[in-house]
Amino acid sequence: MSAETQIQAPMPPAELAREPLVTNNRNVAWVSDQVAAIIEGKTPKWWWAAFIPSFLMMCLLGAMLLYKTSVGVGVWGNNHPTMWGWDIINFVWWIGIGHAGTLISAILFLLRQRWRTAVNRAAEAMTIFAVMCAGIYPALHTGREWLDWFLFPIPTSNSLWPQFRSPLMWDVFAVSTYFTVSCLFWYVGLVPDLAIFRDRAKTKMRKFLYGLFALGWTGSNRHWSNYEKCYLILAGVSTPLVLSVHSIVSLDFAVSQLPGWHTTIFPPYFVAGAIFSGFGMVLTLLIPLRKMCQLEDIITMRHIDLMCKVTLATGSIVGYAYIMELFIAWYSGSPYERYAFLNRIHGPYAWGYWTMMSCNVLLPQLFWFKKIRQNLLIVFIASILVNIGMWFERFVIIVISLHRDFLPSNWGYFAPTWVDIGTFLGTFGLFFTMFLLFMRFLPMIAVSEVKGVTPQSDPHHPLGGAKGGHH
Amino acid sequence: MSKTIPPTCSEPQTGLKYWRGLDELAETPEFQSWVEREFPAGASELTDSVSRRNFVKIMSASFLLAGVGLGASGCRRPEEKILPFSRLPEGYVHGVAQFYATAFPTRHGAIPLLAKSNDGRPTKVEGNAAHPDSNGGTDRFAQASILNLYDPDRANRYAKGGNVSTKAAALDYLTDLSKQAETTKGAGLCFLLERSASPSRARLQRLIKVKFPQARWFIYEPVDFDIHRKAASIATGQLVAPYYRLDRAKRIVSLDCDFIGAEEDNHRFIRDFAKGRKIENPESPKNDELINRLYVVESLMSLTGANADHRLRIPSSQVVQVAAALAAEIVGQGSAEFGALVSQLGKVAGVDAQWISECAKDLMAHKGTSVVVAGHRQPLAVHLLVNAINDRLGNIGQTVVYQDSPDTGEGTIAELAAALNAGQVESLVVIGGNPVYNAPAELDWAKTQRKAKTIVRLGYYEDETAAVTDWHLPLTHYLESWGDVRSSDGTLVAIQPLIAPLFDGMTELEFLARVGGFGTTNPYEIVRENFSTLASTLGFEEAWKRFLHDGFFTGEKPRVIVTALNWPGINPVLAQVKPATAPTKDSLEVIFHRDYKVDDGRYNNNGWLQELPDPITKIVWENVFLLSAATFKALGYTQKDNESGHAFVPWVKLTLNGRSVEGPAWIVPGQADNTVGVALGYGRTKAGRVGNGAGFNAYLLRTGDADYIAAGATLSATSAKPYPVSTTQSHWAMEGRPIVREANVAQFAERPDFAKAMAMPEPPGGDRSLYPNPLDVPDKNGVKPRDKSPHAWGMSIDLNSCVGCSACMVACQAENNVPIVGKEQVGRSREMHWLRIDRYFTGSVENPQVVTQPMLCQHCESAPCESVCPVNATVHDEEGLNVMAYNRCVGTRYCSNNCPYKVRRFNYLDYNKRPLDKLKGPFFSTPLLNTVDGEWELARWWRDPSRGIRPDDEWELLKLAKNPDVTVRMRGIMEKCSFCIQRIEGAKIAQKVKAGASADVEVKDGTFTTACAQACPAEAIVFGNVKDPHSRVSKLKAQERDYTVLEFLLTKPRLTYLARVRNPNPKMPDYTVTPASFEEWEKQGNHLAAAEGAEHEAAHAHEAAKGAH
């Protein structure tokens, strides 16, 4: 007995002991069963209650886009001078949301943040669906969307090549690369879990489909070894993308000379904002889901707490950027620059600016307090407000900068139309439809990885597998 | 080219007439319908307004008319010749436009024109610069008139009692009318005409008077300029009309005379005025004689007031007192009675006496080089005073020329109404006009007109008046007509057709000749006959050909009359004038004014003019009640922040003498308090698809005794919700930004480079633009691609000459196929004008200064739009143009976002394909659900993608108005000013052809210009090759006043502006040391540190100078 005690690692003192990542001493089998229950169990009523409206909203998106394509951009509220309105706001907003997934899966993976395992699968799925929603906008906001292929470097008889000086061109590459790598990363992570569900499948159909996508996974050492290498490489590839995508999206603005857009602070500030909103969305999704799917022991309060802290950190960076923008506008001495920022603060859209400031800067400061981080209701509401705030950030940048620029004769006012609103609601429909289908048919939790972080899987842990003796 | 189908032979039948049956002989309706059944297609042509086939017929007929060499092959020989202006017929190249001299008739004159014809259809008009009184400039109405030709709502049939009839039947009716009149000597026959300066019409009138001595003649113009002639005739006791020479005037005083905007011949006034404002000689002494000085006394903020150096705002009814006060100072004791009258009348409450006395002194210091003008809205007394003042200042024969002008003695519409009410009118002949819509309200014209037994009307539209007629005949457009007219300088100009009448209409001359029952009814012969009375018989043919070729005849002119004042004519009129009581907010003064866009309502169905922003208010598609800010506030109205294209304003009711109309109330800075400006010409019910329902009808308030200025009106609130008014520019102030730069003459003398001193300091890094031009990168031989071309196109706009008249905007719209978008879309800030006129108010809202600035693509050498386009749709060419490749554009709109001047326009919807009646309504109609002419739109589109959803009649006509050299853009595409690249390329090709084997391919300066520059009567816009140091544009750009808007962005535009210089009188009480925009900019503290001291010193120096006076 004593010999056994000696070979175990010394335990930290009780006050420094970390809360386990899976609580209530759940064992590995419980993890599998609990996640599988969502897929294999009867469809819960709340799922239908969420899915039907989402699906209808997705149909609305189709109708709105068909309408826009058949009539013209004029069905939206965009005007002269506000040539970009809700189309680009929503693009940037959705792209920003899509940042949390890859950050969690790639950067936290490289940083050996093992708590990521509980949330990474859902976050990655969220990323992919958010990027899909985002991608609709640049593709369909153009005046002649049937000619969008002009943006791709395809050799044609016209001998015309896209213009690589344009940030919109960079966007095409950044977003499409990001989407591709995110999909790959997500899928690779899914393979061992798909094998679990193949093995548990009770119908032929399920067995066939899960089997097909599990790529013959057997869980052998060689599989695991290759898998880990592949995953590490993908994490390495994804990490710069997390930073590059939103940097490049920010260059859509920073490359111009419009006061309010022409700012060198944009790339880091956009990335911070993206992570901020991404974590906001992860919280919005997971807080109700862990309750609905009884996953409180996997997505624990500690996870919530950690995500709140990330939100607090990135929110503070964003707040710093806002204040620095104001300072630089004043410091630049350019009256045009100064006016653009004064106009944000007390122009006709001041309500938008102050919504942004309160949601993005003031609200996250609540997360300094542990009591608040532990209050799920407050965290849930705050996470929604974070995303509202981030929507307004893009509104402030795009609409408020455009609507009053250099020559006062150009000044105008932007208001969305019902088609703008319908399209935006429609993207929510698409997002939630996809997400609900995902959680119903694919493991929402990375089962094999979560198992890896349970105390039971640690052979040196008192509850570890070495003691279980099931070799 | 496919074979041109010869037109059908319409010779009268000669010889024996064979008939197919008794039915035919009897021409019974049964037989007619049998013919129609037998030849359904052909017979339906008779009633079908425009079909393709008909169009081809018209086209080929116009070829014939144009004398293009098809004459020999067609059976209808060209009875009339038009000689092309610059090319011979044998040089005709299919697809190359030809130009013919013609003229745009106005009420008292004409604008001489060169009309462009593309394969037989007129597409654009330009001023005829060869005419002795023209510089090639035109006005907005002439530019827009081309669209009226292709108006799908114009009268397109001969109608009897509102039903379709035939031309033959109409002609028979006219013959009967004439025969009947012959027997009665014209008793009971009344003519109601519009004003015209056509000698042929005057001659026909004289001939008819001889034949039908008892016929009566009446003239009605809702906006009439005859007062100038009338007053000059009374003042001199001879039949004369004044002809003003503003270019000779150093001091101009306008008494409610909007000669830049609403007076007749404003294009000529603008030219002469602008000539006196130009600063082209750097050697000229920079004192207050450098440019002319304009004093304006007026109530509404007019374009003339916007260009004033000193502006006195008082109610229009009190202008007579200011005129009397000026006369008292200047004329003094012209005659004892006159002196007493003016000193009594010339006491104006609320006006600084110094203003008038200093103004008078300034005038007296410029005897023979000054002029005082009175507006057509002002009563006769003001005009008589003005004649007396000009006489005393020695201006007669200098700045005012009296020309012989006979009085044709027609009656007024009130007299016609009396005759109608007395039952004296058997047959009423109405030519043009629209009295049912615009006659004085008390005449109740629709009912009164009906009291005539038969009414025949020749009209361009089947409008309100057409509904109260027995016969309605379609009038031709001037581009379909033969005619002649005298321009205001008295030169005879020709009106020649460019196209056969599209709907087989009749000219006024032919109509009158037929009513008169004359042998010659062909308008060509009528004009020629009249010409033969003017030109000497010797060499008549040559003179006639020359007349048609040049478009004018200088061999004969009205006499210039020099005479003394006729005091017995003047004094009795003055003795009757009672000083008006000042209006209050409960007894407002209403001023009915000619609209800048639709005139008196005649252009109401013209989309270009409806969408042209009013030069002052920038409102489109309607009229409003114009109020001063103080009156607006005193009446308790509020306006929602109008930052959007839509401003939400109160909907109020204006009551005048028991009659009332409702409309939106609008603030105009600088308007006299307690006055209401009401534009005429809106609220039409039968204008057509464009005009119906735009604005409210002010004629409902207007009575014959108070036709322009009416006292005692009240405005009352209604329960209606705030009403959206669409404007193209809602922000009034320049926010202290040096966008339009201006200085007083005194400042200009001290700091000739003031425009450059107002620039922002350049950012560190020197001349490094954010968006370097790839054409500046030398190739491997060390040559920059940009240097390879002999041309570098550039433009200079002189803000000192630009008066904001907006002719350039319409010219650009016509030249470049710019679509109209409708009120609703303008409200969403989606208007498509490539060229806009920015208007800023500076100073106080009570007495603002106004500046205007044409804003169009600046053709930046380092263009911010180019590098952000992901598909290379907007690129630079080697001649410095920033060009758009429409085919390549996918519509990301980033170029517009990065354009600091925001001069790019995006086709948010398929504006070129939307039906005219959809312009006002909901703009959402998807082809997936819509049907047009009973056909599913998508199927229709599949069958013919180009026609759009327009109904056939619109489509067939409006496509003819397009310039074939310019692409018609579809939805989803960005467009902008191209510096009229089609004209540049045309000129280059012409030069290359001319150069032949030589290398002389450089286009010579002045051989062509852009549409805006060509239309500009002020010659404020100059376009040319900046690589040529001797070109006019290079010389202008070398001036010290030359500056770049937003120069600190280092976009290096090819379009630069010449700063404005004002010439206020330092002795005047309202003298401002600096123009308000300069002052505002200075307050903002944007000026260069180095310039700071100098500016302040200058300001203080002026203050000291002011104190000393």
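Every chain is numbered from 1 and lettered A, B, ... according to where its sequence line falls, protein lines coming before strand lines. None of the values given here were measured: they were computed from a predicted structure.
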*If you round to the nearest 0.5 Å, how far is NE2 of B:His731 from CG of A:Asn410?*
11.5 Å
*Please determine, among A:His80, A:Arg165, A:Met169, the option with the most heavy-atom pairs under 4.5 Å with chain B.*
A:His80
*Are the side chains of B:Val871 and A:Leu147 in touch, meaning some heavy atoms are under 4.5 Å apart?*
no
*Gap between atom CE of B:Met970 and atom CZ of A:Arg144 - 0.5 Å precision*: 5.5 Å
*Taking all non-hydrogen atoms of both residues into account, name the closest pair between B:Thr892 and A:His141 and its distance.*
O-NE2, 3.3 Å
*Look at A:Ile88, A:Asp171, A:Thr69, A:Thr82 and state which one has the largest set of heavy-atom pairs under 4.5 Å with chain B.*
A:Thr69
_Using every non-hydrogen atom in the two residues, find where A:Gly74 and B:Arg830 come nearest and quote the distance to one decimal._
O-NH1, 2.9 Å
_From CH2 (A:Trp411) to CH2 (B:Trp732), nearest 0.5 Å_ = 14.5 Å
*Who pairs with A:Glu325 by salt bridge (charged side-chain N to carboxylate O under 4.0 Å, His left out), at least two apart in sequence or on another chain?*
A:Arg344
*State, to 0.1 Å, how close B:Lys902 and A:Asp405 come at their nearest heavy-atom pair, and which atoms those are.*
NZ-OD2, 3.0 Å
*Only pairs at least two apart or in different chains count here, so list each salt bridge (charged side-chain N to carboxylate O under 4.0 Å, His left out) that has a residue in residues 71-87 of chain A.*
A:Asp87-B:Arg893
*asked:* The criterion is salt bridge (charged side-chain N to carboxylate O under 4.0 Å, His left out); which residues satisfy it with B:Lys1052, sequence neighbours excluded?
replied: none
*Can you name the residues of residues 831-838 of chain B that have some heavy atom under 4.5 Å away from a heavy atom in chain A?*
B:Arg836, B:Asp838
*Should the ring pair A:Tyr336 and B:Phe1048 be called parallel, tilted or perpendicular, given that the plane angle runs from 0 to 90° and is split at 30 and 60?*
parallel
*asked:* Has B:Asn898 got a side-chain atom pairing as donor or acceptor with A:Gln257's backbone, closer than 3.5 angstrom?
replied: yes
_Close side-chain approach of B:Leu1049 and A:Phe406, heavy atoms under 4.5 Å_ = yes
*Between A:Val172, A:Leu151, A:Asn78, which residue shows the highest count of heavy-atom pairs closer than 4.5 Å to chain B?*
A:Asn78
*Could you give me the CA-CA distance, side-chain angles and deciding distance for A:Trp76 and B:Tyr908, then say whether ring pair (Phe, Tyr, Trp, His ring centres under 6.0 Å) is met?*
CA-CA 9 Å; A:Trp76 289 341; B:Tyr908 276 102; 9.7 Å; no
*How about A:Trp146: does its CH2 atom have over 12 heavy atoms from other parts shown lying under 6.0 Å from it?*
yes
*asked:* If I take atom CG from residue B:Leu929 and atom OG from residue A:Ser70, how far apart are they, to the nearest 0.5 angstrom?
replied: 7.5 Å
*Quick check: does any side chain N or O of A:Asp148 sit under 3.5 Å from a backbone N or O of B:Val890, one acting as donor and the other as acceptor?*
no
_Rounded distance (nearest 0.5 Å) linking atom CZ of B:Arg828 with atom OH of A:Tyr413_ = 14.0 Å
*Output the distance between atom CG (A:Leu258) and atom CG (B:Asn897), rounded to the nearest 0.5 Å.*
7.0 Å
_Residue A:Trp170 versus chain B: region with a heavy atom under 4.5 Å_ = neither
*asked:* Counting heavy-atom pairs under 4.5 Å with chain A, which one of B:Tyr771, B:Tyr894, B:Tyr901 comes out on top?
replied: B:Tyr894
*asked:* For the backbone of B:Val875 and the side chain of A:Gln163, can you confirm whether one donor and one acceptor N or O come within less than 3.5 Å of each other?
replied: no
*asked:* At a 4.5 Å cut-off on heavy atoms, which part of A:Ile398 comes close to chain B: side chain, backbone, both, or neither?
replied: neither
_Validation row: B:Val868, A:Leu168 side chains within 4.5 angstrom (heavy atoms)_ = no
*Any A:Ser409 side-chain heavy atom under 4.5 Å of B:Tyr840 side chain*: yes
*Is the count of non-hydrogen atoms from other residues, nucleotides or ligands lying under 6.0 Å from A:Tyr331 atom OH greater than 12?*
no
*Sort A:Phe253 into side chain, backbone, both or neither according to what part of it lies under 4.5 angstrom from a heavy atom of chain B.*
backbone
_Minimal non-hydrogen separation, B:Ala733 against A:Pro408, with atom names_ = O-CB, 3.3 Å
*Do B:Met974 and A:Met83 have side chains that get closer than 4.5 Å, going by heavy atoms?*
yes
*asked:* Quick check on the interface: out of B:Lys618, B:Met734, B:Arg905, who has the most heavy-atom pairs with chain A under 4.5 Å?
replied: B:Arg905
